[in-house]
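Numbers restart at 1 for each chain; the letters A, B, ... are given by sequence-line order, proteins then strands. Only heavy atoms go into these numbers, but all of them, side chains included; no hydrogens, no water, no symmetry mates.
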Protein chains: 2
Amino acid sequence: MMELTRKGEYAIRGIVYLAAQPAEQVCLLSDIATAVDVPQTFLAKIFQQFSKIGLVRSYRGTGGGFVLGRAPERITLLEVVEAVEGPIVPNRCVTGEGECSRTSTCNAHPVWVNVQEQVRDILAKVTLKELAGNQD
Amino acid sequence: MMELTRKGEYAIRGIVYLAAQPAEQVCLLSDIATAVDVPQTFLAKIFQQFSKIGLVRSYRGTGGGFVLGRAPERITLLEVVEAVEGPIVPNRCVTGEGECSRTSTCNAHPVWVNVQEQVRDILAKVTLKELAGNQD
DNA sequence: ATAAACAGGACATAATTAGTCTTTTAGAGG
DNA sequence: CCTCTAAAAGACTAATTATGTCCTGTTTAT
Ligand code: SF4
Ligand code: SF4
C-alpha cells in the first residue's frame with residue numbers, strides 16, 4: 001500500500017540530478033537518463049510534465065537541454081511528487097468531491113485527512129537543495 | 001499516489017461493522033456485506049484473510065458467521081490495513097531488502113523512512129473501538 | 001539547409017485491481 | 001446418517017493502471 005510508482009521515483013532521481021548541477025547548467029536528457037539509470041524515453045515524458053508547470057525549463061535544438069526552473073531550495077519534494085503522481089490522496093474520500101456518501105458520519109474519514117496532511121507536510125519540508133547535497 | 005485500494009476500504013468498513021456489534025454477536029457475511037455495501041464474494045476473501053491472522057473468528061454451518069477476534073479497543077487500524085494491503089511501504093527502498101543500490105548514499109531514502117513511520121504511527125493509534133463509536 | 005534536441009501522441013505489454021464462479025469442507029439439526 | 005447452512009479455497013475473468021516504446025513534428029543554433 002501507498003507505494004510510489006517508478007515514474008515518481010524516476011522523477012525524483014532526474015530532477016535531483018539537475019539540482020545537483022551548477023546553476024543554469026543546461027543538461028541533455030540523454031545524460032540525465034544515463035546518470036540516474038532511467039529509460040530515456042520514459043524520463044522524457046516526466047520532464048515534459050515538469051516543464052509544463054515550470055519545475056524545469058527546456059531548450060530545444062543544438063545546445064538545448066534542461067535547466068532547473070527555480071533555485072533548488074525553492075522546489076520541494078512534494079511539488080515534484082505531485083507533478084507526476086497527482087495529489088496525495090490516501091483514500092478516495094479526501095479528494096474533496098462527494099466521493100463517499102458516508103464521509104459526514106464516518107469515523108475513519110478524519111484519519112485519512114490526517115494521513116494526507118502529515119505526508120504532505122513531510123514532503124513539503126524537503127527541498128531539492130537538501131536532496132542534492134553532497135553528491136560528490 | 002498512496003491510495004488505499006477498494007479492498008482496503010471494504011476491509012475497514014466490514015470489520016468496523018463487526019466491531020460495532022454487541023460483543024460475541026455472530027454475524028453472517030451476507031448481512032455484513034449488505035450493511036456496508038460491499039460485494040459479498042469480495043468481502044468473503046477479505047474476511048478469510050482476517051480469519052487467518054486472528055482478527056476475526058469464523059464459524060461454519062448453521063448459525064455460523066463471524067465474530068471479532070479481540071476486543072475492539074485492542075485492534076488497530078494499522079493491523080486491519082496491513083492485513084489486506086500488506087505492509088505500508090511508501091517506496092521500494094524501505095522494504096528492508098537490497099531493493100535499491102543507492103540506499104546508503106541517497107538523501108531521499110530517510111524521507112521515505114520517515115513517511116512510513118508517521119503513517120504507521122497514525123494508523124496504529126486508531127482502534128476499532130473508536131472507529132465503531134456511536135454508529136447509531 | 002541541416003543536424004541537434006525536446007514535444008506530443010499513438011501504441012504495446014505486463015502487472016495489479018476488482019471482482020465472479022465453482023467446488024470443497026465443516027458444523028447443526030433432525 | 002442425511003441434509004441444509006455457511007464459510008474456505010481456488011480458478012477464472014474483465015478492467016484499469018503502470019511501464020514503457022516508437023514515430024512524427026517542432027524549435028533552434030550553426
Ligand atoms: S473512510 Fe469513511 S468516508 Fe472515507 S471512503 Fe471509507 S467510508 Fe467513506
Ligand atoms: S529514494 Fe533513494 S534509496 Fe530509495 S529507491 Fe529512490 S534512489 Fe533508491
**Request:** State whether the number of non-hydrogen atoms from other residues, nucleotides or ligands found under 6.0 Å of Arg102(A) atom CZ is greater than 12.
**Result:** yes
**Prompt:** Which whole-number value in Å describes the distance from Arg6(B) CZ to dT16(D) P?
**Reply:** 10 Å
Can you check nucleotides 27-30 of chain C for protein contacts, nitrogen or oxygen pairs under 3.5 Å, and list what you find?
| unit_1 | atom_1 | unit_2 | atom_2 | d |
| --- | --- | --- | --- | --- |
| dG27(C) | N2 | Thr62(B) | OG1 | 3.4 |

**Message:** For Gly64(A) and Leu4(B), find the nucleotide of DNA chain C closest to each by heavy atoms; which residue's nucleotide sits nearer the 5' end?
**Reply:** Gly64(A)
**OP1 or OP2 of dA6(D) under 4.0 Å from side-chain N/O of Ser30(B)** = no
**Item:** Leu43(B) CG to dA6(D) P, straight-line distance once rounded to whole Å
**Value:** 16 Å
**Request:** Begin with the C-alpha distance, continue with both residues' side-chain angles, and end with the deciding distance and a verdict on side chain to side chain contact (heavy atoms under 4.5 Å, CB included) for Val111(B) and Leu123(A).
**Result:** CA-CA 8 Å; Val111(B) 177; Leu123(A) 299 186; 3.8 Å; yes
**Asked** Is Val80(B) reachable from Ile53(B) through a run of I, L, V, M, F, W or Y residues, each pair having side-chain heavy atoms under 4.5 Å apart?
**Response** yes
**Message:** Give the residues of residues 46-53 of chain A touching DNA chain C, defined as any heavy atom closer than 4.0 Å, sorted by residue number.
**Reply:** Gln48(A), Ser51(A), Lys52(A)
**Prompt:** For Tyr10(A) and dG20(D), is the shortest distance between a side-chain N/O and OP1 or OP2 below 4.0 Å?
**Reply:** yes
**Message:** Between C1' on dA18(C) and CZ on Arg13(B), what's the gap in Å once rounded to a whole number?
**Reply:** 14 Å
**Fill in**
Between CG of Asp37(A) and C1' of dG20(D) the distance, given in whole Å, is 14 Å
**Fill in**
Closest to the 5' end of DNA chain D, once Phe42(A) and Phe66(B) are matched to their nearest nucleotides, is Phe66(B)
**Item:** Gap between atoms CZ and C1', on Arg92(B) and dA15(C) respectively (whole Å)
**Value:** 14 Å
**Item:** Identified side-chain hydrogen bond (donor to acceptor under 3.5 Å, both in side chains) partner of Glu9(B) from the options Lys7(B), Arg13(B), Arg6(B)
**Value:** Arg13(B)
**Request:** Using a 4.0 Å heavy-atom cut-off across all strands, classify Thr5(A) as base, sugar-phosphate, or nothing.
**Result:** sugar-phosphate
**Prompt:** What do the steps show when you test Val84(A) against Tyr10(A) for side chain to side chain contact (heavy atoms under 4.5 Å, CB included), and what is the final call?
**Reply:** CA-CA 10 Å; Val84(A) 297; Tyr10(A) 293 165; over 6 Å; no
**Prompt:** Between Thr127(B) and Arg74(B), does a side chain to side chain contact (heavy atoms under 4.5 Å, CB included) hold up when you go through it step by step?
**Reply:** CA-CA 7 Å; Thr127(B) 71; Arg74(B) 291 182 47 239; over 6 Å; no
**Request:** Measure from CZ on Arg57(B) to C1' on dA6(D) and round the result to the nearest Å.
**Result:** 17 Å
**Prompt:** NA contact type, Lys7(B), heavy-atom cut-off 4.0 Å: base, sugar-phosphate, or nothing?
**Reply:** sugar-phosphate
**Among dA11(D), dA5(C), dA18(C), the one nearest Lys45(B) by side-chain distance** = dA11(D)
**Message:** Given 3.5 Å as the limit, does a donor-acceptor pair link the side chain of Glu3(B) with the main chain of Met2(A), or not?
**Reply:** no
**Asked** Does Arg70(B) pair with Glu79(B) as a salt bridge, N-O distance under 4.0 Å?
**Response** yes
**Asked** So, are Glu130(A) and Lys125(A) salt-bridged, with charged N and O less than 4.0 Å apart?
**Response** no
**Asked** Does Ser58(A) make a side-chain N or O approach to OP1 or OP2 of dA5(C) shorter than 4.0 Å?
**Response** no
